[in-house]
J.: 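Just passing along the structure, written as structure tokens.
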Number of protein chains: 2
Amino acid sequence: MEASPVNKMLDAMSRQGFRITDQRRTLAHIFLEDGGYLSPKDVYEKLSKFYPSVSLDTVYRNLRTLSDIGILEQFYFMDGGLKFKACSLNHHHHHLICMNCEKTVSFDYCPMDHLGGIPDDFKVINHRFEVYGLCESCQELSEQEKTSPQRENE
Amino acid sequence: MEASPVNKMLDAMSRQGFRITDQRRTLAHIFLEDGGYLSPKDVYEKLSKFYPSVSLDTVYRNLRTLSDIGILEQFYFMDGGLKFKACSLNHHHHHLICMNCEKTVSFDYCPMDHLGGIPDDFKVINHRFEVYGLCESCQELSEQEKTSPQRENE
DNA sequence: CTTCCTGCAAATCGTTTGCATCAGT
DNA sequence: ACTGATGCAAACGATTTGCAGGAAG
């Protein structure tokens with residue numbers, strides 16, 4: 001009944017010295033089932049179905065903790081605010097993010113492998129590379145609705 | 001005394017039916033002089049030097065307005081929150097961001113020019129590429145103080 | 001049993017809004 | 001003059017924190 005990834009996630013938590021509470025177990029399920037980005041409120045609502053007494057601040061706390069230890073990754077959507085998703089515990093990659101439906105597709109290219117022109121007195125620790133756009137299905141939608149804003153500065 | 005881009009910006013404003021107030025004129029100067037991303041508070045502080053009585057909410061109002069009409073663009077930095085910068089003044093570039101002092105250095109390399117392996121049914125609209133690390137001076141500091149946190153997930 | 005986790009409530013931070021006044025056109 | 005812009009203060013939403021009780025190891 002439990003897919004392996006859930007255990008992997010829980011495992012990672014306990015290995016980092018965090019306790020496996022029911023909420024966290026459920027949190028793992030929620031993220032792995034959904035696969036996409038969830039706002040704290042989304043998570044709270046989903047979690048409430050299992051634990052009606054859960055409090056929003058616990059959700060926040062756990063989201064932050066899990067992000068810190070690299071189990072979740074967070075993105076800020078210009079319109080939807082901060083959201084979290086399970087990060088693939090697999091290999092390094094980046095994402096295409098659909099600006100409409102928020103679905104993500106990962107790809108392997110990493111600019112850091114090809115990077116040039118960075119002053120070498122700067123010590124690189126981390127990086128972020130995301131490509132935003134429209135996935136195929138959302139493109140079709142927007143062609144019909146013509147909701148695409150024009151920008152006009154050179 | 002006025003550089004042309006400032007007037008261009010002000011022009012755009014009045015063309016859209018907005019009044020040219022002193023604050024907005026100064027706002028234009030601030031953004032064009034700085035060239036980089038500024039948080040509302042940054043702007044407020046800079047603006048305060050010229051107009052000690054300026055209020056933060058006016059700054060917010062103007063930042064939003066100017067973003068709406070495409071004079072400023074906004075970006076959310078995972079650590080620094082929402083920031084604004086004058087739209088496409090210069091050429092396209094990305095940033096090195098010092099995780100300690102938050103100073104940014106721009107560099108020209110853009111991964112989009114070299115990108116491969118993106119499914120072509122995805123319509124790219126925008127992208128974000130930021131490199132985080134330590135600038136030279138902060139490296140020296142952290143070597144002395146050994147404040148660098150370790151992360152250890154695979 | 002000890003320490004971490006949780007729920008509650010209150011605090012805090014960033015941002016927005018209502019309103020009367022002031023300034024640009 | 002008319003209308004939009006500003007400053008103030010208060011409202012607001014999202015996120016964080018202090019604390020006491022409860023659960024995981």
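Since we're looking at a predicted model, the values are computed, not measured.
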J.: Which whole-number value in Å describes the distance from B:Y51 OH to C:dC22 C1'?
T.: 14 Å
J.: Looking only at side chains, do A:H94 and B:H127 share a donor and an acceptor under 3.5 Å apart?
T.: no
J.: Figure out the CZ/P separation between A:F50 and C:dT6, and round it to whole Å.
T.: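 Answer to the nearest Å: 16 Å.
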J.: Give me the atom names and distance for the closest heavy-atom approach of B:Y109 to A:P111.
T.: OH-O, 4.1 Å
J.: According to a strict under-4.0 Å criterion, is B:T58 in side-chain N/O contact with OP1 or OP2 of D:dT6?
T.: no
J.: Above 12 or not: heavy atoms from other molecules or residues under 6.0 Å from CZ of B:F50?
T.: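 No, CZ of B:F50 has 12 or fewer neighbouring heavy atoms, counting only those of other groups under 6.0 Å.
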J.: Distance check needed: C:dT3 C1' versus A:Q16 CD, whole Å only.
T.: 18 Å
J.: Just to verify, which of B:Y37, B:F84, B:Y132 counts as forming a ring-ring contact (aromatic ring centres under 6.0 Å, His included) with B:F77?
T.: B:Y37
J.: For C:dC5, take OP1 and OP2 only and decide whether either is under 4.0 Å from a side-chain N or O of A:Q23.
T.: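 Result: no.
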J.: For B:P40 and for A:S55, find the nucleotide of DNA chain C with the closest heavy atom, then tell me which residue's nucleotide is more 5'.
T.: A:S55
J.: Evaluate whether atom CG of A:D120 has more than 12 neighbouring non-hydrogen atoms of other residues, nucleotides or ligands under 6.0 angstrom away.
T.: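 Not buried by this count: 12 neighbours or fewer within 6.0 Å.
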J.: Tell me the interatomic distance from A:L47, atom CG, to C:dC5, atom C1', rounded to whole angstroms.
T.: 13 Å
J.: So if I define the base as every atom that isn't primed, P, OP1 or OP2, how would nucleotides 16-25 of chain D read as a B/S/- string at a heavy-atom cutoff under 4.0 Å?
T.: BBB----BBS
J.: I'd like to know if the side chain of B:D42 pairs up with that of B:S39 as donor and acceptor (distance under 3.5 Å, no hydrogens or angles considered).
T.: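 Yes, a side-chain donor-acceptor pair sits under 3.5 Å.
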